[in-house]
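Within every chain, numbering begins at 1; the chains are lettered A, B, ... in the order of the sequence lines, protein sequences first and strands thereafter.
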Amino acid sequence: MSEQAVLTGEHFMTGDEAAAEGGLAAGCRFFGGYPITPATEVTEVMAKRLPGVGGVFIQMEDEMASMNTLLGAAWGGMKSMTSTSGPGFSLMMENLGLGIITETPCVLVNVQRGGPSTGLPTLVGQQDMMQAKWGSHGDYEIIALAPSSPQEAFDFTIHAFNFSEQYRLPVLLMMDESVGHMFEKVVIPKAEDIKLVPRRITKDKPADYLPFKPDDDLVPPMIEFGEGYRVHITGLTHDEKGYPVINAEAQQPLVRRLCEKITKNADKIYMYDERELDDAEVVVISYGITARIAQQVVNECRAEGKKVGHLRLITCWPFPEPIVRKLADRIKGFVVPEINLGQMSLEVERVAGRGIPTICVPNAGGEVHNPEDIHAVIREVLK
Amino acid sequence: MSEQAVLTGEHFMTGDEAAAEGGLAAGCRFFGGYPITPATEVTEVMAKRLPGVGGVFIQMEDEMASMNTLLGAAWGGMKSMTSTSGPGFSLMMENLGLGIITETPCVLVNVQRGGPSTGLPTLVGQQDMMQAKWGSHGDYEIIALAPSSPQEAFDFTIHAFNFSEQYRLPVLLMMDESVGHMFEKVVIPKAEDIKLVPRRITKDKPADYLPFKPDDDLVPPMIEFGEGYRVHITGLTHDEKGYPVINAEAQQPLVRRLCEKITKNADKIYMYDERELDDAEVVVISYGITARIAQQVVNECRAEGKKVGHLRLITCWPFPEPIVRKLADRIKGFVVPEINLGQMSLEVERVAGRGIPTICVPNAGGEVHNPEDIHAVIREVLK
Amino acid sequence: MSTAPAKAAPVERKELHHPKDTMLREDRLPHIWCPTCGIGTAVSCFVEALRETNIPEEKVAVVSGIGCTGRVAGYVNLDSFHTTHGRAIPFATGLALAKPDMKVVVFSGDGDLVAIGGNHIINAARRNMNITVICINNFIYGMTGGQCASTTPQIAKTSTTPTGNTDYPFNVPYLMDACGATYIARWTVLHIRRLKKAMGEALNKKGFSFIEVIAPCATLYARRNRLGTGFDLMKFYHDNSEIQHGADTKMVDIGFQEKIICGKFVDIDKPTFLERYRGETNGGGK
Amino acid sequence: MSTAPAKAAPVERKELHHPKDTMLREDRLPHIWCPTCGIGTAVSCFVEALRETNIPEEKVAVVSGIGCTGRVAGYVNLDSFHTTHGRAIPFATGLALAKPDMKVVVFSGDGDLVAIGGNHIINAARRNMNITVICINNFIYGMTGGQCASTTPQIAKTSTTPTGNTDYPFNVPYLMDACGATYIARWTVLHIRRLKKAMGEALNKKGFSFIEVIAPCATLYARRNRLGTGFDLMKFYHDNSEIQHGADTKMVDIGFQEKIICGKFVDIDKPTFLERYRGETNGGGK
Amino acid sequence: MKLWRTPLDAEKVRVPHGVVSVIIERCKGCSFCVEYCPRDVLIISRNFNKKGYHYPEVVSEGLCVDCNLCEDICPEFAIYSDPVENTPAPATKENT
Amino acid sequence: MKLWRTPLDAEKVRVPHGVVSVIIERCKGCSFCVEYCPRDVLIISRNFNKKGYHYPEVVSEGLCVDCNLCEDICPEFAIYSDPVENTPAPATKENT
Amino acid sequence: MKKEIRITGFGGQGIILSGYIVGKAAAVFDGKQATMVQAYGPEARGSACSSQVIIDDNPILYPYHRDLNILAALSQEGYDKFHTLVRKDGIILFDEDLVEFDAPADVAVFKGVPATRIAEDLGRVMVANIAMLGFLVAQTEVTSADAMKQAILSAVPKGTGDLNMNAFERGFQHQPAEIVVGAGAGV
Amino acid sequence: MKKEIRITGFGGQGIILSGYIVGKAAAVFDGKQATMVQAYGPEARGSACSSQVIIDDNPILYPYHRDLNILAALSQEGYDKFHTLVRKDGIILFDEDLVEFDAPADVAVFKGVPATRIAEDLGRVMVANIAMLGFLVAQTEVTSADAMKQAILSAVPKGTGDLNMNAFERGFQHQPAEIVVGAGAGV
Ligand SMILES: Cc1ncc(C[n+]2csc(CCOP(=O)(O)OP(=O)(O)O)c2C)c(N)n1
Ligand SMILES: Cc1ncc(C[n+]2csc(CCOP(=O)(O)OP(=O)(O)O)c2C)c(N)n1
Ligand code: SF4
Ligand code: SF4
Ligand code: SF4
Ligand code: SF4
Ligand code: SF4
Ligand code: SF4
Ligand SMILES: [Mg+2]
Ligand SMILES: [Mg+2]
């Protein structure tokens with residue numbers, strides 16, 4: 001415990017490194033990982049830093065394993081985290097579901113590269129955005145944040161931990177290779193200036209405690225193993241006691257609550273960045289590295305006197321429907337550049353409706369958009 | 001090879017059994033499987049039947065393994081198949097992507113149960129419909145069929161094999177537990193009456209053959225290992241020769257083609273069932289077991305003089321946008337019952353736009369809809 | 001300290017309380033296991049063994065995967081977690097690292113631990129992770145209806161080997177030995193005393209301990225192979241098991257209805273993962 | 001049959017053609033491996049060994065996973081498949097079962113085969129699947145930049161064990177032995193003649209054959225551990241390897257910069273999966 | 001709670017005896033207890049419990065030596081024995 | 001194609017000799033060939049190839065015994081030897 | 001006309017098989033429409049089980065029971081669980097040695113058959129279900145006798161045909177000892 | 001003002017580290033905005049590598065080069081690959097012993113430094129990149145000399161500070177032997 005957990009100060013680091021430092025600053029003391037480009041640096045920083053701050057790093061045999069160690073460590077009272085990229089993310093999907101149904105707080109960082117399959121290990125993609133929402137079987141809701149800079153990789157990892165504790169679920173940091181591998185200034189505040197959401201530990205005595213009886217916000221308080229609560233936690237459908245009950249009567253309220261604890265609290269979760277939306281006729285919606293390119297295009301457009309605004313998604317999930325719907329009622333169209341062939345743009349399209357065009361600026365991966373491609377679509381919509 | 005591959009005649013069998021017989025009738029001679037409720041019976045029928053028809057059944061150590069054996073067997077010239085349910089389906093996601101990028105024909109049967117996680121192993125769900133489209137990392141398109149009866153489990157498995165050969169990709173049969181475990185009459189035609197799409201084997205000599213040079217329909221002809229073509233096939237981004245090329249210039253055309261071979265041929269792929277749509281004011285959209293309940297409700301509505309039609313999805317993916325869009329322009333609303341909290345209904349909503357309501361009749365799983373619940377929503381929309 | 005009342009006549013009770021009930025989730029009994037299934041007996045031995053150690057019950061966790069055996073976690077009145085199929089060991093790994101003061105026990109089936117979970121068990125043994133693994137080997141996938149396992153003996157019939165299994169099964173103790181497990185024993189559920197003792201030893205051991213428990217699956221394994229019920233399999237164990245403490249694990253493979261060599265095969269000491277990680281050991285700790 | 005022309009003077013050539021080029025995807029050379037990396041030498045031995053068998057080249061397939069070694073599939077001029085990380089063996093299993101007339105070779109890295117792919121390799125060995133596995137053990141994850149593998153010796157530094165690995169590594173031949181592999185050998189890439197011979201034997205063997213090839217990773221393993229380059233590791237192999245044919249696999253574990261026992265450890269015969277499945281063997285074929 | 005059974009040394013000089021209890025509705029009639037009781041204390045009843053299983057009955061009450069074998073082998077937690085002393089003796093320093 | 005190398009028995013009575021070729025642009029300068037050539041035929045050149053590696057050069061041409069070791073050990077497929085006969089003799093029935 | 005039939009008993013009595021046979025008889029040999037679904041779940045291990053058959057002249061959409069016409073109960077637990085689901089004009093068949101009841105409630109007709117005893121008489125308790133099927137056909141004509149026999153023969157193990165036909169015949173011939181007309185009876 | 005700087009060379013020359021140092025000097029010690037990205041890929045194994053730095057007073061959005069101001073080439077391959085990307089009013093710095101060129105094309109200024117030789121003189125060839133950084137600061141003022149020195153000291157292994165400062169100084173002091181004014185030069 002000889003080293004500093006929060007590296008207060010100014011740094012020049014990559015998004016990967018910043019995500020690891022963000023985790024440490026958020027109190028993460030357990031990392032179960034498996035290396036994969038371009039997320040390996042998160043793992044390597046954790047391997048180096050954790051022993052010095054009293055934490056544990058373990059490199060597991062595969063991603064199924066690393067995902068499950070997070071759940072074990074979380075029930076052991078630790079804040080836990082892993083990082084991966086597409087292929088590993090796919091392998092984590094089954095047990096992401098276990099984290100969801102057992103309401104286990106933890107954080108997964110996916111540094112997205114080009115897919116499908118092994119694809120482009122070292123080059124950028126944003127193609128796992130829909131997988132983040134739908135990649136595990138069964139119904140569930142998720143929280144997924146997309147940083148656009150190393151500074152945000154740091155900040156949003158802390159947000160991710162906070163959301164995971166607040167709503168008791170695995171939270172996803174959907175980075176992309178460009179942000180992950182890019183060096184930039186990262187300012188790490190003083191430890192005491194970092195707001196952390198503590199674990200929602202029950203105040204009940206063991207005899208009274210029901211592990212899945214929710215508070216008013218639909219989230220049940222948690223316990224830590226080894227404290228005498230003698231809980232049973234299962235991936236099967238269960239009642240408030242946590243006992244398996246295999247019928248529709250147990251399934252309906254459980255699964256609805258798991259979803260509603262996100263949807264009904266969504267207003268408190270949505271994060272986005274609005275730029276020059278007030279008079280905008282066209283709004284660009286983007287996230288991650290693409291938001292930087294998009295902002296540049298928006299600046300250029302404004303310089304040319306075009307009424308173009310920018311909505312940058314921070315929580316891609318839950319998708320901030322209200323703001324998009326509100327914009328849809330008064331603008332001429334949405335332009336959605338993303339490094340995929342159209343994923344979040346489907347959500348925009350759904351929410352916006354057919355009254356105005358939603359035009360994706362697709363990019364199958366490997367490099368960021370050529371700003372001109374975005375510009376061209378904006379011009380088209382403005383016509 | 002002593003037994004009949006095509007069990008011509010009338011049978012009383014489950015959807016699971018029928019899917020297995022459909023596979024055999026389609027020429028499937030390799031099954032790599034791992035048991036899981038409620039898909040186990042597919043595996044068990046294959047274990048019993050394959051040796052008798054000169055095929056090979058192998059039970060693998062897990063679902064990652066069984067998925068990969070399909071790819072190996074397919075490149076060895078066999079038609080191959082597996083079956084699973086949610087948890088196993090999640091584990092197959094990474095290597096589904098390998099099948100997509102290497103354009104390997106094979107068929108996966110997912111007999112859906114209630115999720116997330118282990119959930120309700122023995123009870124019905126339709127919660128993996130979005131996962132079918134988005135469960136693997138990276139961009140891709142898929143073909144997924146949903147049978148509503150054991151007869152269709154038989155028929156659509158044959159379609160699935162035909163699509164997989166025609167478009168060279170893993171095709172999904174998205175069954176549900178109800179159909180999978182339900183006995184009903186299945187009529188198996190004579191072998192010679194079953195139309196099979198043969199593998200698209202190249203006519204080129206080894207020296208001229210480029211494994212990923214597409215025909216006009218964007219699908220490249222295939223070869224079989226061991227025939228002197230000496231191909232290299234990789235899950236990395238590759239050129240027409242099949243060689244890895246790690247840059248955007250290779251990625252863009254490859255990934256676009258993988259998607260466009262489905263989207264551009266979608267008109268030839270869409271399958272759906274239209275019932276009384278001509279004068280319908282409300283259209284119910286459904287699939288799988290739910291379509292039977294929905295049809296019953298539609299019949300009842302018609303009996304009451306209500307103008308209600310039914311669009312039953314057979315290919316859930318590609319989603320038949322044109323017909324939905326056409327309907328949206330003239331009806332009062334869509335009602336989408338499904339055994340999930342709203343998955344295909346999001347697609348309907350997206351395509352239909354905000355002009356008319358798209359109302360999901362959600363059901364978190366465990367049992368089929370109460371017809372009255374569907375009826376109530378129809379009444380609401382008709383008002 | 002008090003002894004039971006010195007009365008000759010049986011104690012009259014209104015409601016009977018089984019002495020093991022405090023260790024069990026009594027409100028979930030009767031359990032789902034079939035008549036003559038051996039899993040219940042193994043659990044019985046386990047709670048008894050646990051009681052005999054001096055480990056405080058709140059410092060013990062049971063982690064299971066999916067399967068009939070996987071349901072064990074749901075019946076013991078301890079902190080318990082029922083993971084997904086095959087993933088009990090990595091969950092237990094995370095828990096054991098977060099809670100070094102707890103004894104983490106993985107209690108699961110042969111299919112769960114040695115088929116789909118194979119990669120995790122070999123790596124946990126290799127790392128000498130501080131967990132105790134109790135593997136109920138009933139030679140079959142019970143929960144899903146009797147398919148072939150990686151432990152199913154040759155010849156045995158299962159629903160996926162309808163004419164008899166042609167595969168070679170794992171010799172699980174040998175496999176564990178090759179991975180460096182520090183405690184390896186095998187007992188049948190008939191050997192209740194010895195099994196209990198082994199469980200106690202394993203619970204008291206620091207590091208990776210492994211017990212293979214041979215148990216009847218009546219409904220699927222016994223029935224499909226026309227071996228009667230679990231009762232008959234218990235008789236078979238009685239007649240065909242042989243105790244060879246310290247036997248070379250290489251020699252302890254199990255054929256279809258052939259001799260079952262039982263005993264404590266390995267019991268060595270070496271630093272655990274965490275001891276080495278924390279540098280609480282001299283040198284590399286080999 | 002013709003011999004080379006009986007000329008004393010060196011043959012003058014405009015363009016040089018390496019005799020192995022026909023076995024390689026010449027249009028992809030030079031390959032991506034670093035200077036003094038050992039993978040190329042192993043491939044060199046492999047193509048040579050293959051040529052010396054009488055197996056028609058079109059009847060040989062090479063399957064790799066992901067890693068530096070995983071790139072082998074992309075350089076041999078044979079039917080070849082580059083699967084995902086860890087999944088070469090199940091792909092090879094499907095292929096070998098669909099094509100019993102082909103020789104399917106899995107050529108991949110230690111991380112790929114024994115870390116993430118661990119469950120597949122133990123099961124393929126157990127089944128005696130008719131495949132040859134060549135595992136390049138460079139004690140590290142090369143492709144991703146030098147992380148710890150399940151084979152990394154204790155003490156060795158990697159990017160995820162910056163102060164030295166505290167884990168026990170697998171003794172891979174022992175692990176394979178415990179799973180029933182019918183052919184097990186280990187050589188370093190320095191032992192080119194013996195490695196070639198072993199590869200030839202493995203290629204000619206029916207069933208599951210396994211060769212562990214110890215090879216230098218210059219850029220990551222050697223550099224991070226201040227061992228020089230692959231050239232220095234070759235010298236180390238020269239000075240520190242010991243040939244012990246038939247050695248007890250239990251005894252052949254490898255410590256950091258310690259003695260490397262090489263040799264053919266196991267060479268037995270038993271029916272393959274498919275032979276048993278097809279009933280081409282007497283009885284259960286045990 | 002740890003003392004639910006007579007400590008071994010408390011029994012030093014006496015032959016322990018037990019009394020067996022069966023939680024009938026938990027029993028699934030496997031007969032393990034009957035078969036493996038070293039004293040043949042038990043037989044399977046001709047009666048059924050509610051689930052239709054034949055549960056064990058005590059035939060030779062006095063013979064039970066409180067060995068707990070039936071308790072440990074029962075897969076259903078349906079049977080157990082409690083110690084009794086049929087030759088009661090005052091607890092003296094020597095034998096406690 | 002299988003006969004790219006002199007069959008062993010064709011060499012029966014003669015000492016084999018070889019001539020070494022280096023595909024310079026493939027070489028990555030590892031020195032394996034130089035180090036392990038049993039006849040010290042090779043040294044590392046002072047020249048660089050285009051990628052900046054020092055490739056091997058033949059110093060003692062006549063000494064090469066066509067053992068192919070350099071060829072097999074080269075990780076780059078950059079060097080090989082071809083057999084030559086420096087004591088040419090008519091091919092007779094006996095020695096082919 | 002649509003008929004909903006539930007057969008119930010405990011594990012090992014061949015309940016699922018019986019449902020399968022009824023469905024197959026109707027669907028394959030009588031040329032009608034039929035569906036059969038069964039209760040699954042680890043809960044089914046060794047305890048109550050049941051199969052739901054629907055037979056109709058028209059295609060069946062909803063394959064679960066909404067309105068039971070016939071209950072054939074081979075166990076008390078099964079009877080207890082399902083008898084209230086039977087329509088007022090429905091019919092309940094039961095194994096008279098295994099099922100006891102007090103007030104027969106709202107259902108039209110109750111008819112007992114000693115199916116298990118018949119099977120024991122024939123030396124194989126496992127054909128009790130087939131005796132029940134004979135009784136079912138005779139009392140309800142839910143399928144033709146011929147179709148049912150063919151379905152039985154196609155479903156039982158080779159070499160047990162005669163035994164099963166005997167059991168069927170005995171059930172078929174059985175004159176119910178007890179016909180209880182319930183409260184809402186129209187018969 | 002925005003500056004785009006690319007440093008290029010081969011693996012082992014510390015190219016990525018140099019980019020990191022330049023970026024850190026600007027971002028952390030000069031208080032400006034800076035980004036640095038590097039070429040990744042198995043292709044990078046042992047062959048050409050390069051790092052892209054952008055320095056600006058305002059937040060940088062697009063972190064890749066569109067218009068290179070400065071190229072610092074420590075290898076021929078790197079020079080060949082990137083020199084055409086430099087703006088007309090840009091500047092190319094090169095290791096004069098490692099880079100040769102014929103026609104200096106369209107670029108304003110070419111300045112050579114014997115960075116590797118300087119490093120060899122100092123007994124450690126690995127500080128050639130630091131000598132180049134000294135030269136870079138002196139010739140372009142892309143960062144302040146102070147910031148660059150601080151960045152170097154924060155990034156190099158402990159105990160090598162003096163060596164690196166020496167290398168920096170030598171590069172900084174170097175008077176370019178060769179200043180070629182290209183075709184489109186405005187200088
Ligand atoms: C990923 C996944 N695959 C398959 C299953 C289905 N499944 C549940 S339990 C089981 C096998 C259980 O066998 P074993 O571990 O031996 O336990 P037993 O029931 O015999 O005690 C299987 C295959 C699952 N739940 N999850
Ligand atoms: C599912 C998945 N996880 C992780 C990776 C990243 N990855 C690629 S290669 C590799 C390790 C390679 O090591 P090894 O097999 O020893 O091969 P080497 O490079 O040493 O030859 C890893 C972890 C991946 N591609 N896919
Ligand atoms: S199926 Fe087998 S293992 Fe499962 S509870 Fe029944 S007897 Fe036990
Ligand atoms: S990183 Fe290591 S294993 Fe990979 S090519 Fe370089 S030397 Fe070989
Ligand atoms: S305690 Fe022992 S002696 Fe008494 S009934 Fe039980 S098994 Fe028999
Ligand atoms: S051992 Fe238990 S379940 Fe078996 S018969 Fe005895 S009391 Fe009943
Ligand atoms: S063939 Fe043999 S002797 Fe000739 S150069 Fe090569 S290694 Fe040396
Ligand atoms: S062995 Fe090959 S790569 Fe190495 S120096 Fe010789 S020719 Fe060059
Ligand atoms: Mg089992
Ligand atoms: Mg390696």
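- Proximity of a side-chain donor or acceptor of F:Lys28 to a complementary backbone N or O of D:Pro30 within less than 3.5 Å is not detected.
- Heavy-atom neighbours of D:Arg28 CZ from other residues, nucleotides or ligands within 6.0 Å: above the threshold of 12.
- For F:Ile24, no part sits under 4.5 Å from any heavy atom of chain D, backbone or side chain.
- Partner of F:Asp72 under the salt bridge (Lys or Arg N to Asp or Glu O under 4.0 Å) criterion, out of D:Lys20, D:Lys197, D:Arg51, D:Arg194: D:Lys20 alone.
- The number of heavy atoms from other shown groups lying within 6.0 Å of NZ (D:Lys205) is above 12.
- The heavy-atom pair separating D:Arg193 from F:Asn68 by the smallest distance is NH2-C, 4.2 Å.
- In this structure, no portion of F:Cys64 lies under 4.5 Å from any heavy atom of chain D.
- More than 12 heavy atoms of other shown residues, nucleotides or ligands fall within 6.0 angstrom of atom NE2 in D:His245.
- A donor-acceptor pair is defined here as one N or O able to donate and one able to accept, closer than 3.5 Å; such a pair exists between the side chain of D:His18 and the backbone of F:Ile79.
- Interface remark: F:Val20 contributes no atoms to any contact with chain D (heavy atom separation under 4.5 Å).
- The nearest pair of heavy atoms linking F:Phe77 to D:Val43 is CZ-CG1, 3.7 Å.
- With chain F as partner, the option from D:Ile39, D:Val189, D:Leu24, D:Thr229 having the largest number of non-hydrogen pairs under 4.5 angstrom is D:Leu24.
- Under the 3.5 Å distance criterion, the side-chain polar atoms of D:Ser44 are left unmatched by any main-chain donor or acceptor of F:Pro75.
- Between the CD1 atom of F:Ile73 and the CG atom of D:Leu190 there is a distance of 5.5 Å, given to the nearest 0.5 Å.
- Annotation for F:Tyr53 and D:Pro35: closest pair OH-CG, 3.4 Å, computed over non-hydrogen atoms.
- Within a 6.0 Å radius of NZ in D:Lys59, more than 12 heavy atoms belonging to other residues, nucleotides or ligands are found.
- Under the salt bridge (Lys or Arg N to Asp or Glu O under 4.0 Å) criterion, F:Glu57 pairs with no residue at all, not counting sequence neighbours.
- Qualifying side-chain contact (heavy atoms from CB on, under 4.5 Å) partners for D:Thr151, counting only residues two or more places apart in sequence or in other chains: D:Asp110, D:Asn137, D:Ala149, D:Val172.
- If you take CD on D:Glu48 and CD on F:Glu71, they are separated by 6.0 Å, rounding to the nearest 0.5 Å.
- Looking at heavy atoms from C-beta onward, D:Met234 lies in side-chain contact with F:Phe32 at the 4.5 angstrom threshold.
- The aromatic rings of F:Tyr36 and D:Phe231 lie tilted to each other, with the angle between the two planes from 30° to 60°.
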CA sep, side-chain torsions, deciding dist, call: D:His31, F:Glu76, side-chain contact (heavy atoms from CB on, under 4.5 Å) | CA-CA 7 Å; D:His31 52 58; F:Glu76 305 294 334; 2.9 Å; yes
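- Residue D:Leu195: no heavy atom, backbone or side chain, is found under 4.5 Å from chain F.
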Let me see the working for F:Glu25 and D:Leu29 under side-chain contact (heavy atoms from CB on, under 4.5 Å), right down to the final yes or no.
-> CA-CA 10 Å; F:Glu25 292 312 325; D:Leu29 296 179; over 6 Å; no
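- Heavy atoms only, all atoms of each residue included: F:Val22 and D:Leu16 are closest at O-CD1, 3.0 Å.
- In plain terms, the two heavy atoms of F:Cys74 and D:Thr41 that are nearest each other are C-OG1, 4.1 Å.
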